[in-house]
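Working notes, beginning with the structure itself.
Chain naming here is simple, since letters A, B, ... match the order of the sequence lines and numbering starts at 1 in each. From a predicted model like this one, the values you see are computed outputs, not experimental measurements.
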Number of protein chains: 2
Amino acid sequence: MSIAGVAEQAGVSVATVSRVLNGHSNVRPETRDRVLAAVQTSGYRVNELARNLRTAESHLLLTMVPDFGNPFYAEVVRGIDAVARQHGYFMLLCDTGADPGRERSYFDMLRRHRADGAICLDPDTVQHALAEDSGTLPWVACCEFDTDMGVPWVGIDNYRAAGDAVRHLLSRGRRRIGLINSDDGYLYARQRQEGYLDALRDAGVTPLSAWRRNVYSLDYEAAATAAAELVQQSGENAPDAIFAVSDTLAIGAINGLRSVGKRTPADVAVVGFDDISVAAQIDPPLTTIAQPMRELGETAARLLLKRLADPAASVPGVLLPHRLVVRLSA
Amino acid sequence: MSIAGVAEQAGVSVATVSRVLNGHSNVRPETRDRVLAAVQTSGYRVNELARNLRTAESHLLLTMVPDFGNPFYAEVVRGIDAVARQHGYFMLLCDTGADPGRERSYFDMLRRHRADGAICLDPDTVQHALAEDSGTLPWVACCEFDTDMGVPWVGIDNYRAAGDAVRHLLSRGRRRIGLINSDDGYLYARQRQEGYLDALRDAGVTPLSAWRRNVYSLDYEAAATAAAELVQQSGENAPDAIFAVSDTLAIGAINGLRSVGKRTPADVAVVGFDDISVAAQIDPPLTTIAQPMRELGETAARLLLKRLADPAASVPGVLLPHRLVVRLSA
DNA sequence: CTGAAAGCGCTAACAA
DNA sequence: TTGTTAGCGCTTTCAG
């Protein structure tokens, strides 16, 4: 049943039906009622494919995440979704696995008019590829952003946040602070490492490379292994604290520590990053850097919507505040 | 730049361009090359809106989850996504918050031809509303299913799985087994409760209602409170074990137990449900019923795809096996 | 206030 | 092998 059917049933033209469907005011109330009745009885629904073709917009927003099993991303995505829906858009969530190929294929949806805009949370390394050949497409970078990529962005100050974590550990009397970092294809990983190193140096401690481990997947096991290795080194190579760049990693680390008989925080203090909801539930509750996950997502969505509404508008980058949450692990 | 532009540039008709774009064989190689070249230089991309309007399909699949912050759903969704993409479909993830209104509005996307099919993980109570006025729309129920709703489904045997959990506790010598259940708007919640009750009775123990708590949001705090209340009752009202119908709840429960000085499993054994990845990481590692999350999603997607390929085909319901994973919490 | 008609970009008969 | 043409269902001038 198409608009033509409704028109016939109501004894009017398709144009009139379209008008009432779109809430135009220039329709006689009586006519409008007749149309509405016909819509009711016929069970008609607009074909948005047709509408979108005509209006040249899909009202679909893409969100590309490297891994949507990660609770951190889940919460950010919630923020995006809320704002999008609030503005009449639907959000299509794409799990790229941080794979440039998949990322490209999703990005193609923009070019093919299947989506109006995109929000990208992928590693800045893969974002760069996009920025080059599609500087013109409407998208914004979220959480992971390179300020001179010329793309609107939102995120936190990772450098300073990492410093805050380290300074907290320092203030607790820890000196040999280890780092469990993630894949340094992520700018955030590199920035947090810088923040960590500088904070240590500023305090007069020379960071040993033996204190650092990279984990190339955000999984618990890998972090557990890394933590166990770290503390089982001899002498001053063995850290008395660990800063993990995500709560997931921190939880794995605590588990790894326990498996080699080290207690947290008595033997080794641990601080995480993100403040996902499990962080407060584990034993000991995790001290961590809280990111405003929901706001991150909401802001990204708003930036994109603004860009969409006025392609010429200069959309700013925005930095959101982080916060140290002290619990018992450090 | 549209297909017409390419046609002009290549000196052929739009039909020919369409043919090479769609890989039809009846095009002279030389012509095809000319077209391809024009596509290249012009940077043309199909407008899928137009294509979809013409072919009357969107190649979009909807997945409706009640809460996509829940790691359990995340993993199921991964399975759906993988199969969908493998078959040339994109998956649109919708967080309904188990709200019938939002659910309806997403479902409307099917009626409006924005999506070809849907997979629904929402409570069976809200599914029923859908089944009534849209028995004809292509959708399948996943995890949460009512076998006589006339909709293809996939899930596990919740009744038996809950029984297995309880029997395990029984075999460990626990008799006063508590239940932390979720919102009984979910069929799975009601089924697991039945399984729990029957297993207890079969073992000759009379389940006290004082042993049971419902938690209406899947969050840690609520579960923690429930667990604390449960064990602080007097006499035989205080359970010596708790079966929680999800790992999230179980983790919260263990935390609640700890907060009132009860150790797990020494004082109170705990078994969870789902086997999400944190389950193995907490202290003590969680004994739980593992659901084949990924397969659940993959199967749902396959059922839907089958239904789409042949609307007349009778699509079966499928029951996937669960598994008791014994760790240290019980 | 309403209708006729053009056209969004594409695919698929049908012709040649 | 290629071109012409008729829609897909809708919105939107432009006339009346």
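A straight line from CE of A/M1 to P of D/dC10 spans 11 Å, rounded to a whole angstrom. Protein atom CG of B/L53 is 17 Å distant from nucleotide atom P of C/dG7, rounded to whole Å. As rounded to whole Å, 13 Å separates atom C1' of C/dC10 from atom CZ of B/R19. Here D/dG9 presents its C1' atom at 15 Å from CD of A/E8, a figure rounded to the nearest Å. Spacing between atom CG of A/N26 and atom P of D/dC14 amounts to 15 Å, rounded to whole angstrom units. Between B/I3 atom CD1 and C/dA12 atom P there is a gap of 11 Å when expressed in whole angstrom units. Nucleotide C/dA12 holds its P atom 6 Å from the CZ atom of B/R54, rounded to whole Å. Rounded to whole Å, the distance from OH on B/Y44 to P on C/dG9 is 10 Å.
Within 4.0 Å of A/A15, counting heavy atoms only, lies at least one base atom of the nucleic acid. At the heavy-atom level, A/S18 lies under 4.0 Å from base atoms of the strands shown. Counting any heavy atom pair closer than 4.0 Å across all strands shown, A/N22 reaches sugar-phosphate atoms only and no base atom.
Counting only distance, with no hydrogens or angles, the side chain of A/T125 and the backbone of A/G185 share a donor-acceptor pair below 3.5 Å. The backbone N or O of A/V77 lies less than 3.5 Å from no partner atom in the side chain of A/D81, so there is not a single donor-acceptor pair. Listed for the B/T16 side chain is no donor-acceptor partner under 3.5 Å among the backbone atoms of B/V12.
Taking 4.0 angstrom as the limit, A/T16 places a side-chain polar atom (N or O) nearer than this to OP1 or OP2 of C/dG3. When the side-chain nitrogen and oxygen atoms of B/S13 are compared with OP1 and OP2 of D/dT4, none of them lie within a distance under 4.0 Å.
Between A/R190 and the options A/D124, A/D184, A/N158, a side-chain hydrogen bond (donor to acceptor under 3.5 Å, both in side chains) holds for only A/D124.
Between A/R32 and B/R51, the one whose closest nucleotide on DNA chain C sits nearer the 5' end is A/R32. Nearer to the 5' terminus of DNA chain D, by closest-nucleotide assignment, is the contact made by B/G11 (compared with the other of B/T55 and B/G11).
Nearest to the side-chain atoms of B/T31 among the listed nucleotides D/dT1, D/dC10, C/dG9 stands D/dT1.
At a threshold of 4.0 Å, the pair B/R78-A/D67 counts as salt-bridged, since one of the basic side-chain nitrogens sits closer than that to a carboxylate oxygen.
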